[in-house]
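Counting starts at 1 for both ligands and their atoms, in listed order. Side chains included, hydrogens not; waters and symmetry mates left out as well; all remaining heavy atoms used. Throughout, residue positions are numbered sequentially from 1 according to the sequence presented.
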Amino acid sequence: MKKVAFKTLGCRLNLFETDALASEFARRNYEVVEFGRPADVVVINTCTVTNQSDQKSRKVINQAARKNKNALTIITGCMATHYKEKLQQNEKIDYVVDNEHKTSVLSVVEAHFRGDTVNPDNFEKNVFDFEPADDTFHTRSFIKIQDGCNNFCTFCIVPKVRGRAVSRPAEDIFENIRKVIGFSYKEIVLTGVNLGRYRYEKYDFEKLVETTLAIPGDFRVRISSIEPDGYSESFFRLFQNPKLTPHMHICLQSGSEDILLKMRRIYTAGEFEEVARKLRNDYPGFNLTTDIIVGFPGETEEDFQKTLEVARRIGFGHIHTFKYSVREGTRAARMPDQIPEKIKTARSDTVRKLAGEMKLEYRKSFIGKKQTVLVETFDRKGFAKGYGEHYVPVIIEQKGLEKNKFYGVSIIGIIPGKEPLLKGDLL
Ligand code: SF4
């Protein structure tokens, strides 16, 4: 039995794709082992969205080469697409499989072990042909519904490495969901590059989610990161259905209208705030989380203060902060007034501090309220940990609970820290 190890960097789409690949290898009798353990094959699913992602991807490639010298090393994902030729010259890497050929990783490996001459680019191109994963690295099942993006935000390399927007046929998505529910998954995470742009025959994103919620079974649906455009207000009525978790990660990026224009985002900060106001009004306690980029070319102190003001007014449950990083091949890379690294770091520290304060406040607001927790892990004492429907982490200080089961709890307190943890008592 050959052994295969996986490492995933970057977004949820990569997580979905790694899960699907690992499942496919397992079905073909490979033993999936932890990354870093001796393996015959190592697959690294990379990211290239920022300089930091590139650095992390490179570090992991070097790590794999050190720990698993004799393994067949496959690099796939966005970095494999972006720096294909460079990576092909790296002697630590056996095959570079770009995003369009990622579904062929197993075929590449098998052809290699048969002794064939292998060129991954000669395999079939298909971004959706992943089998439903029955045994993944997570309790949640990520379902890919869409790939690519046509927005061309001026800072973003994703349209170049993931290609133009394409939507997976709706029936395939429903079939995938029915299968993973059959495998006993209790949480489905719809994922893609730009979910709101989903279009397939009579289905837009709203109709797709509505139809997903109507699939029978004891499960809940979470929407992963989404852009603020591409769905109408009527979409929000779907949150009345308890199967749809009251949480959205909507990417704000900046609170300054000028910077949003330069970023070529297709909404205003005012419109974003209006969406937030509506969601919180209709669904008190709704968890809104976001991404913010600091140090975009030309961002003045005043622009930055506007971002902080918008963030404070909205009160995000979590902010993922990125320091703007130059991506060759994007319009922002050629813009004047690039911001010095020192200022970017100071701004990102400020956002991080504010984000930490807001997160604590948000989580405290659950004390005395109820959550339905899906148990994912156990701590050393055997106490169960998981996430409530609002995507807040909860510990239930009781032994003997089961993984992958829902438990109704009443929130009785909070353990502060970088990731404040709520304490729940079984109802
Ligand atoms: Fe990149 Fe998102 Fe903009 Fe598309 S919408 S270009 S994925 S930031």
Side-chain angles (χ1 to χ4, degrees), residues 9-17 45-54 77-82 98-100 102 127-128 142 144-168 189-199 204-205 223-232 235 248-269 271-272 275 288-299 307 310 316 319-335 348 351:
L9 295 122
C11 64
R12 289 173 175 208
L13 206 47
N14 266 5
L15 291 179
F16 161 84
E17 290 166 348
N45 198 357
T46 58
C47 173
T48 191
V49 80
T50 60
N51 285 334
Q52 267 177 335
S53 332
D54 283 347
C78 291
M79 194 189 190
T81 307
H82 194 199
D98 62 24
N99 277 329
E100 283 184 313
K102 200 186 273 184
V127 293
F128 292 127
F142 296 94
K144 179 173 177 176
I145 67 163
Q146 185 275 342
D147 204 339
C149 185
N150 300 344
N151 281 21
F152 290 95
C153 299
T154 55
F155 56 84
C156 185
I157 195 71
V158 169
K160 203 169 163 196
V161 290
R162 284 271 179 190
R164 301 297 158 93
V166 273
S167 297
R168 183 176 177 193
V189 186
L190 300 179
T191 181
V193 172
N194 193 341
L195 293 181
R197 293 303 165 116
Y198 182 86
R199 296 282 175 286
D204 58 8
F205 184 58
I223 295 164
S224 76
S225 177
I226 191 162
E227 296 294 338
D229 58 290
Y231 49 86
S232 66
F235 175 74
M248 279 175 102
H249 185 91
I250 313 181
C251 308
L252 169 66
Q253 308 303 15
S254 173
S256 153
E257 306 293 7
D258 290 346
I259 294 297
L260 287 175
L261 256 180
K262 286 187 189 164
M263 287 177 166
R264 205 178 171 276
R265 303 287 287 173
I266 34 191
Y267 56 89
T268 64
E271 284 163 355
F272 191 105
V275 164
L288 256 179
T289 58
T290 200
D291 288 349
I292 285 178
I293 295 177
V294 294
F296 185 81
E299 184 189 64
T307 300
V310 172
F316 290 107
I319 300 176
H320 199 153
T321 323
F322 297 86
K323 286 193 272 179
Y324 167 76
S325 75
V326 174
R327 302 283 73 197
E328 289 310 331
T330 61
R331 279 177 47 198
R334 302 188 298 273
M335 286 183 182
S348 96
V351 175

Using the six-membered ring wherever Trp is involved, compare the ring planes of Y267 and F272 and label them parallel, tilted or perpendicular (cut-offs 30° and 60°).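 Rings of Y267 and F272: tilted, as their planes differ by 30° to 60°.
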From atom 3 (Fe) of ligand 1, how many protein N/O/S atoms are found at a distance short of 2.8 Å?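 For atom 3 (Fe) of ligand 1, the figure is 1.
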What atoms of ligand 1 come closer than 4.0 angstrom to any heavy atom of V193?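 Close to V193: 7 (S).
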If we ignore angles and hydrogens, is there a donor and acceptor under 3.5 Å between the side chains of K102 and N45?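 Present: a donor and an acceptor within the cut-off.
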Heavy-atom closest pair, residues [X] and [Y]:
| X | Y | value |
| --- | --- | --- |
| M79 | C47 | CB-O, 3.9 Å |
| E299 | V294 | OE1-C, 3.9 Å |
| T307 | S256 | OG1-N, 4.1 Å |

Kindly state whether the ring of F235 and the ring of F205 have centres lying under 6.0 angstrom apart.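 F235 vs F205: aromatic centres under 6.0 Å.
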